[in-house]
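What follows is a single structure, written as structure tokens, with notes after it.
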Amino acid sequence: MKLSLYKLNPQQRKAAKIVDGPLLVLSGAGTGKTTTVVNRIAYMISRGVKSEEILAVTFTNKAAREMSERVKKMIGRSAKSMQVSTFHSLGLRILRENHKLLGYRRNFTIYDTADQLSVVRKALRTISAAWKKYKPDEVLYALNRLRMPHNEALDLKYENEFDGAVYSSVWEKYRATLRNNNAVDYEDLLVQPLRILKKYPEILNSYQEKFKYIIVDEYQDTNAVQFEIIKLLANKYKNICVVGDDDQSIYGWRGAEVKNILDFDKHFKKASVIRLEENYRSTGIILKAANAVIAGNKDRKAKKLWTRMGDGNRINFFAAADEMTEAEYVVTQIITHQIENKMSYGSYAILMRMNTQARQFEELLRAHRIPYVVVGGMQFYDRKEIRDFMSYLKVLSNHEDEESLLRIINVPRRGIGDSTLKIMSEHANLKKCGLYESLATLNESSDIKPKTLFELNKFYVLIEDARKRLKRESIAMVARNLWAEIEYQRELEATFSDPKKIAERMANIDALIDGIQYYENRDRKPTLEGYLRQVSLMEEDDDEEFQKGKVVVMTIHSAKGLEFRNVFFVGVEQGIIPHTKSLETSYGEAEERRLFYVAVTRAKQELTISYSKMRTKFGQRIERLPSMFINEIPDNLLEPTDGIYQEVADDEVTEDLLSRFGAMFSE
């Protein structure tokens, strides 16, 4: 295979041609990271590296798909055997191939956040009389943060802000429930594979031999467990290339450790380090502003973005009287710009630090009938009817999954209440079997009313019949028949009076079953277990949120990796960005500065930064100050609007801004 790298810039070309040994590619925002990685993989294969020996790991399904498709397009069939996956997909593969070592059965279920919260909520109710004072989501967050990477214990040594005994008890019940249900959670897809690799040297060696060349994308986002997995896999041959940007490390709140990329050359001695700094996305003015702000972080790998595209327009800077005035300004600017330039509404993005800031923008976009999408709203798989039917499919696949069983046993309503479930539980204990298995012998129990017993038997036959058909019919056909037999429309009719809403929800299930058919058509060996695992690993970017021709409203965290021609960065106030809580930690200001940097570098040609002088909170009008990061942008890069002069000129609290921009205001 003949490959030419002439389209790459000198630094990209240099990175692409280093095949052996450890390599750190520091890739600033918009510097062609994926292009570099794809060309490097193609170059490796052209130099004789077998595609099946290459493991490429990234963080999202979208990024993995893009990388895989681009490599295949460049080098054809020779890339077919290459493993490109997310960290969780890699962990799932290791766990699936070695499930017996940890006591799981082949058809284990993956619990998502809603399933986890259900288990935590039930555990709290059983162990603490004061369980209501504990919020399940906060407990789950703490459990995930405190769980040890190497085992199933909690590290409570440094925690004193909660009742440790309660948390320990919840953890024990949580783990017992998952074990009994033959289920794993999302964290298990990392923690359990790490346990396998550390405990079984022969298995670790087999994966080291399989993946002799490793590439990790977005390395700055790795957490402690992901770092250990990658280090173990790469430790034998040291052929590891990590690509990332410490300036875009913004997920510390969920465990990402920026030190992983900062200390890469300490963990892998004699590592080559290459900086990609030529930006192909943004104008010079935008990059100069981003460079100025991020330079305020001292503990970073120095790099300075630049572009050949010219300076472009200055950054619009607007101070609004209040949050509604700010929203009116932004929406008006979008309408005006769209009319004048005949652009798609999909060219515009409204970025904010917190999703709670979106309300007033949504109201005005709706009022002006501007098509928009809020990223991070309810996902397809979070809809009730979807979760209900997915629970039916989970029970079909794994009858030990009692969380899913309890969700659907009375959906649609069958007259099965808490007292019946208690009798079922006692009967299961007597028979020393699971809750689902106990349904087969419930006739022996005289404590259940005949009508209820009839419904339970009918439910059991329904599931058993579907399980039998699954052995001889397609998954989609079984799912479609099961959906019809459930008569779920009764549940919808009991909830909604509007026929349109009922039809919409029924259509959602049709779309789900179409998705099952799509999976079956593409997978060589389709199974219901395989489909459920695939869905469990789906992310926001798999849910068709980005619909063409719509203004995107999203948080900065959701915007990472994306770009838009016109960006409105709103609510840029002290206490919001940087967030007050973040400033209470030693590392908070640095991560907030990186958030600001990420927001600015999403813009390609036009960037507007705005804030509100007054904001209403709990019915009170509260004075606001512009973010400290705005002061770090050089004066000549900002273009204050007419509005900011009128608003700021009579405001004593922004005198320092006024003095900085006074000359510009008077022009």
Side-chain angles (χ1 to χ4, degrees), residues 3 5-47 49 54-60 63-64 66-68 70-71 74 82 84 86-87 211-222 226-227 230-231 233-234 237-250 256-281 287 290-291 294 300-307 560-561 594 597-598 601:
L3 178 70
L5 304 178
Y6 75 93
K7 291 184 179 180
L8 304 183
N9 68 41
Q11 292 303 101
Q12 291 174 328
R13 194 178 307 119
K14 186 178 178 182
K17 296 178 77 171
I18 297 177
V19 174
D20 298 310
L23 170 64
L24 168 60
V25 180
L26 291 166
S27 179
T31 56
K33 168 175 61 73
T34 304
T35 296
T36 304
V37 171
V38 168
N39 277 273
R40 183 176 187 273
I41 293 171
Y43 182 80
M44 290 166 64
I45 295 175
S46 74
R47 297 294 297 235
V49 175
I54 300 174
L55 169 65
V57 188
T58 187
F59 277 82
T60 67
E66 181 184 359
M67 188 182 298
S68 181
R70 288 178 63 173
V71 172
M74 184 173 290
M82 187 181 70
V84 183
T86 64
F87 271 100
F211 302 127
K212 294 178 179 176
Y213 294 86
I214 298 174
I215 300 169
V216 185
D217 191 18
E218 302 287 5
Y219 189 66
Q220 77 280 348
D221 293 335
T222 53
Q226 291 161 338
F227 166 76
I230 290 300
K231 189 177 180 185
L233 292 176
Y237 291 101
K238 305 290 195 300
N239 296 323
I240 177 170
C241 168
V242 301
V243 186
D245 182 9
D246 53 298
D247 290 335
Q248 296 186 73
S249 180
I250 59 174
E257 297 188 1
V258 69
K259 68 178 183 179
N260 291 344
I261 193 169
L262 295 176
D263 295 342
F264 177 79
D265 46 359
K266 295 179 183 177
H267 296 294
F268 294 93
K269 305 298 182 184
K270 298 181 181 179
S272 301
V273 180
I274 296 175
R275 288 170 169 79
L276 304 184
E277 298 173 303
E278 181 176 357
N279 179 282
Y280 297 95
R281 175 191 298 160
L287 296 181
N291 287 334
I294 202 61
R300 60 184 287 263
K301 299 279 189 181
K303 66 190 79 68
K304 196 170 186 178
L305 299 181
W306 61 278
T307 183
K560 186 170 171 290
R594 294 193 290 267
Y597 172 86
V598 167
T601 54

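- In terms of the salt bridge (Lys or Arg N to Asp or Glu O under 4.0 Å) criterion, residue partners of Arg594 (sequence neighbours excluded) are, by chain and number, Glu591.
- Remark: Thr34 OG1 to Asn39 CG distance equals 11.0 Å, nearest 0.5 Å.
- Atom-to-atom distance recorded for His267:NE2 and Lys231:NZ is 5.5 Å, nearest 0.5 angstrom.
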Audit row: Glu257, Lys259, salt bridge (Lys or Arg N to Asp or Glu O under 4.0 Å) steps and yes/no: CA-CA 5 Å; Glu257 297 188 1; Lys259 68 178 183 179; 3.8 Å; yes
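- Side-chain contact annotation: Ser27 with Asp245, donor-acceptor N/O pair under 3.5 Å absent.
- A donor-acceptor contact shorter than 3.5 Å is absent between the side chain of Gln248 and the backbone of Gln220.
- Of the residues Arg13, Lys17, Lys14, the one that meets the side chain to side chain contact (heavy atoms under 4.5 Å, CB included) test with Leu8 is Arg13.
- Of the possible polar contacts, one joining the Arg40 side chain to the Ile18 backbone as a donor-acceptor pair under 3.5 Å is found.
- A salt bridge is absent between Lys270 and Asp265; no separation between the charged side-chain nitrogens and carboxylate oxygens falls under 4.0 Å.
- Judged purely by atom type and a 3.5 angstrom limit, Thr601 uses its side chain to pair as donor or acceptor with the backbone of Tyr597.
- Shown here is Lys238, whose NZ atom has more than 12 heavy atoms of other residues, nucleotides or ligands within 6.0 Å.
- The closest donor-acceptor contact from the side chain of Glu277 to the backbone of Leu305 lies at 3.5 Å or more, if one exists at all.
- Counting only distance, with no hydrogens or angles, the side chain of Lys269 and the backbone of Lys266 share a donor-acceptor pair below 3.5 Å.
- Using cut-offs of 30° and 60° on the angle between ring planes, the pair Tyr219 and Phe264 is perpendicular.
- Side-chain atoms of Asp20 and Tyr213 form a donor-acceptor pair, as typed in the model, at a separation below 3.5 Å.
- Remark: Asp247 pairs with Arg300, Lys303 by the side chain to side chain donor-acceptor pair (under 3.5 Å) rule, at least two apart or across chains.
- Between the side chains of Arg70 and Thr35, at least one donor-acceptor pair of N or O atoms lies under 3.5 Å.
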